[in-house]
Visitor: 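Provided herewith is a single structure, encoded as structure tokens, for subsequent inquiry.
Residue numbering restarts at 1 for every chain, and letters A, B, ... go by the order of the sequence lines.
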There are 2 protein chains.
Amino acid sequence: MSRVTVRDVAERAGVSISTVSRVLTGNAPVSKELHRRVVEAIEELGYRPNALARGLRIRRTAVLGLIVPDIANPFFSQLARVIEETAHRHGYSIVLCNSQNSRQRELEYFALLSSQRVDGMMIISSAATHEELSQFQSATDAAVLALDRRIPGFQGPWLGADPYPGAFEAVRHLLDLNHRRIGIVRGVEGNISSDQRFEAILQAYRDNGLTEPPWIWAGDYSVETGIRAGDALAALPPDQRPTAVIAASEFSAYGLVHSLHDHGLSVPEDVSVVGFDNTRFAELFRPALTVIAQPIERMGRRAVETVLQMIAAAEEEPPPPVAPLPGSARPRTAKTQRVTDEWLPTKLVVRASTGPAPRAGSTLRFA
Amino acid sequence: MSRVTVRDVAERAGVSISTVSRVLTGNAPVSKELHRRVVEAIEELGYRPNALARGLRIRRTAVLGLIVPDIANPFFSQLARVIEETAHRHGYSIVLCNSQNSRQRELEYFALLSSQRVDGMMIISSAATHEELSQFQSATDAAVLALDRRIPGFQGPWLGADPYPGAFEAVRHLLDLNHRRIGIVRGVEGNISSDQRFEAILQAYRDNGLTEPPWIWAGDYSVETGIRAGDALAALPPDQRPTAVIAASEFSAYGLVHSLHDHGLSVPEDVSVVGFDNTRFAELFRPALTVIAQPIERMGRRAVETVLQMIAAAEEEPPPPVAPLPGSARPRTAKTQRVTDEWLPTKLVVRASTGPAPRAGSTLRFA
DNA sequence: TTGTGCTGAGAAAACGATTTCAGATAGATT
DNA sequence: AATCTATCTGAAATCGTTTTCTCAGCACAA
């Protein structure tokens, strides 16, 4: 590490250590002349303050941790980009951790970030359920926000998308195109946000006057899920086959389109497909994918803002040295009020993968 | 931050601070009984050692910095995934920084990482040229590796891909398919690795017995570049139009296919398209994209290994207190020998976007 | 002249770990 | 029984900052 310390700078500038520090932090007056000399010495020596020492002393690091399940997934990488961008604008930097969809590694990273004394962390959890996290959390002073995926039993705020508005629009959109048999490819059963998406779509069905989905395929968000779903779909007799399918992930939608195509069914002429997420790839794909769009941009921004707000609140309101008396309601300023869950709406983005329902019997042209 | 320190643990376990530390680091014997008590106390208190304090003391952080131009680009995000994975396996964690293709932010991040006293850093540079970086570098003790994109004037090792092998194969492949007019969509002119790709393709031309490329479109790696190239291509009279195009980036290839399609030309029937990179989308795209594949996996692994090797070397061979005499050749062990540049070969991956050259006049079927 | 207030600068005490060094305690050896 | 040695322990120094706290110097009013 760059050997030069505040001490060397002080020596070179002919001042005391504290004066150098004062110049650096700017929280005490320094005469013009000394200031000049210090700045000069810093330049000449290429001095770079040791963030470890500083962090140790002031108990803040200006670093936020972000744990994602898979950075190679464009949804997460785009989200990460926004988060990094926003954090940077606020003077924070990001430590990005990739849990590889492993509960084990997620906990490891939590511990690591906690060790590194990040000021806050955002977790997109991979673990379907865990009490461990809550336990870990109690051992940390960092502000922790659960992002995107809900964590059951987690005490702390959550920020994510509400799949319902987009799902409603999607069903509406398909009905407008005269689709009546609308199938679903769902994500991991038991995964809380996957279930949420599924529920949202079911609810959207009912709210649009439909009864039950005629066809449901269970899966895990992956491309392969989509492919197998497509195989199954193609095997159905045409008059029972859904004319439109809503897939719970973008990847599954891609796989689905591929598979249908391989079976001689074209999208959207024979089957309309709606995906989820809305990464930049959705418009690159052919046919460009109609999707229930996640508010990636807004979600990233809000995530950082929320965590920073939590940090500010924690600073303002240090935990009482003794447990407060039951009756003693402490005054809460606007700043220190508890941060709660927040839902961001999804919305439908119509592209080329959805079209009018085929007239009955028209799919027989391949038979 | 979690308030509990080594002191609290010591107190609780009824031992001295140093004993706790010895248990933690394991570099001195501790009796079984005390060991047990310490571990127990750690558990009970949820103690998490302060990495700042430790890093300050031992002058190592077990953290590597990674600066990428755009994490939302799947090539970089997949590379980042591999790097993170590999680093984690070696007990290091990664601070990921996104320079947004800005020279300014790249330098900022360099300074930041330097401040955070990371043990090493990998930089995929956005700045076409800079002496600043070299200057910054001299002020840091971290091991610095230039990754993927070469940095002119940078003193330090570089690791990246050699576009030539893949380019040669690509041209060969197209010739085998009877293509004779093969165009190029190139990346940013002046960007050193973009130029490298271009040169590699030109060289491949010559080595395959072709003279000059009949058609070159300049661009910047983006989707839009590909789209505009497609527009231009479609505007050419069919008998002058290239029957195949090699694009210097995957995104440009996507744009190109889109644009050609919009103009009523299909891929690969009318025009074959070869891209670069080989992210997971290449096979998802329709038609699946033939690409000159970057060795992403290997590159990420080697990057980490190289940096760790540099770190080990630096530790082994601390800089001499005084400048060594000119003649005094110091003995070099295998471990401490200078790390040099390394080229990893690219290779062609054939998919559906390349096919036999259309027979003369066949493209007229749309006219 | 003496006291008062103010400004700017330096000495020293944190922050929380690791590590050196010296010392204590046990067991082993003569 | 006495000495030696091996093993373990604790006090204190250190890493590089920030932040008291103290104090010197100076201007000004009484």
Visitor: In whole angstrom, give the distance that lies between atom CZ of A:R59 and atom C1' of D:dT17.
Guide: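 Distance, rounded to whole Å: 14 Å.
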
Visitor: Compare side-chain N and O positions of B:N27 against OP1 and OP2 of C:dT18 and report whether any pair is under 4.0 Å apart.
Guide: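 For C:dT18, neither OP1 nor OP2 has a side-chain N or O of B:N27 closer than 4.0 Å.
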
Visitor: Could you give the CZ-to-P distance, from A:R117 to C:dG16, as a whole number of Å?
Guide: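 About 8 Å, once rounded to whole Å.
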
Visitor: Taking only the side-chain heavy atoms of B:L56 (C-beta and beyond), determine which of D:dG10, C:dG16, C:dT18 contains the nearest atom.
Guide: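 So the side chain of B:L56 is nearest to C:dG16.
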
Visitor: Rounded to the Å, how far apart are B:I17 CD1 and D:dA13 P?
Guide: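 Taking CD1 of B:I17 and P of D:dA13, I get 14 Å after rounding.
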
Visitor: Under the 3.5 Å rule, do the base of D:dG10 and the side chain of B:R22 count as making a donor-acceptor pair?
Guide: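 Present.
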
Visitor: Distance check needed: C:dG16 P versus B:L24 CG, whole Å only.
Guide: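 In whole Å, C:dG16 P and B:L24 CG are 15 Å from each other.
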
Visitor: Between D:dT17 atom P and A:R60 atom CZ, what is the distance in whole Å?
Guide: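 Computing the A:R60:CZ to D:dT17:P distance gives 17 Å.
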
Visitor: Does B:G14 or B:A53 map to a spot on DNA chain D nearer the 5' end, using the closest nucleotide for each?
Guide: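 It is B:G14, whose closest nucleotide lies nearer the 5' terminus.
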
Visitor: Let's go through A:E106 and A:S125 carefully: what are the C-alpha distance in whole Å and the side-chain angles of both, what is the deciding distance for side-chain hydrogen bond (donor to acceptor under 3.5 Å, both in side chains) to 0.1 Å, and is it a yes or a no?
Guide: CA-CA 7 Å; A:E106 180 175 339; A:S125 177; 2.9 Å; yes

Visitor: Would you say A:T5 reaches D:dC15's phosphate, i.e. side-chain N/O to OP1/OP2 under 4.0 Å?
Guide: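 Checking D:dC15 against A:T5, no side-chain N or O comes under 4.0 Å of OP1 or OP2.
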
Visitor: Say whether, by atom type as modelled, one donor and one acceptor occur between the side chain of A:D119 and the main chain of A:A62 under 3.5 angstrom.
Guide: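 Yes, the answer is positive, given that a donor and an acceptor are paired below the 3.5 Å cut-off.
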
Visitor: Quick check: closest heavy atoms across B:R81 and A:D70, and the distance to 0.1 Å?
Guide: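 Smallest heavy-atom distance, with atoms named: CD-OD1, 3.3 Å.
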
Visitor: Think B:S21 has a side-chain N or O under 4.0 angstrom from the OP1 or OP2 of C:dT19?
Guide: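 No, B:S21 has no side-chain N/O under 4.0 Å of OP1/OP2 on C:dT19.
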
Visitor: Could you state the atom-to-atom distance from CD of B:E11 to P of C:dG16 in whole Å?
Guide: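 Taking CD of B:E11 and P of C:dG16, I get 14 Å after rounding.
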
Visitor: Where the side chain of A:E342 meets the backbone of A:L159, is there a donor-acceptor pair that is under 3.5 Å apart?
Guide: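 Such a contact is absent between A:E342 side chain and A:L159 backbone.
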
Visitor: Quick check for you: among C:dG16, D:dT9, C:dA9, whose closest atom lies nearest to any side-chain atom of B:N50?
Guide: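 Among the listed nucleotides, the one closest to the side chain of B:N50 is C:dG16.
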
Visitor: Report the C-alpha distance between B:R59 and B:D141 in whole Å, list the side-chain angles of each, state the deciding distance to 0.1 Å, and finish with yes or no for salt bridge (Lys or Arg N to Asp or Glu O under 4.0 Å).
Guide: CA-CA 11 Å; B:R59 313 179 74 88; B:D141 276 6; 5.9 Å; no

Visitor: Contact class for A:L52 vs. all strands (heavy atom < 4.0 Å): base, sugar-phosphate, or nothing?
Guide: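 It contacts nothing in the nucleic acid.
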
Visitor: Any donor-acceptor pair, under 3.5 Å, between the side chain of A:R54 and the base of D:dT18, if you only look at N and O atoms?
Guide: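 Under the 3.5 Å cut-off, the side chain and the base do not form any donor-acceptor pair.
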
Visitor: For B:H35 and D:dT7, give me the distance from atom NE2 to atom P, rounded to whole Å.
Guide: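 Spelled out: NE2 on B:H35 to P on D:dT7 is 17 Å.
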
Visitor: Quiz question: going by heavy-atom distance under 3.5 Å, is there a donor-acceptor pair between the base of C:dT18 and the side chain of B:R57?
Guide: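 Side chain to base: pair present.
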
Visitor: C:dT7 C1' sits how many Å from A:E33 CD, rounded?
Guide: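 The distance from CD of A:E33 to C1' of C:dT7 comes to 17 Å, rounded to the nearest Å.
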
Visitor: Looking at B:S16, does any N or O in its side chain come under 4.0 Å of the phosphate oxygens OP1/OP2 on D:dA11?
Guide: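 Result: no.
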
Visitor: Decide yes or no, distance alone: a donor-acceptor N/O pair under 3.5 angstrom between the base of D:dG10 and the side-chain of B:S18.
Guide: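 Such a pair is found, so the answer is yes.
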
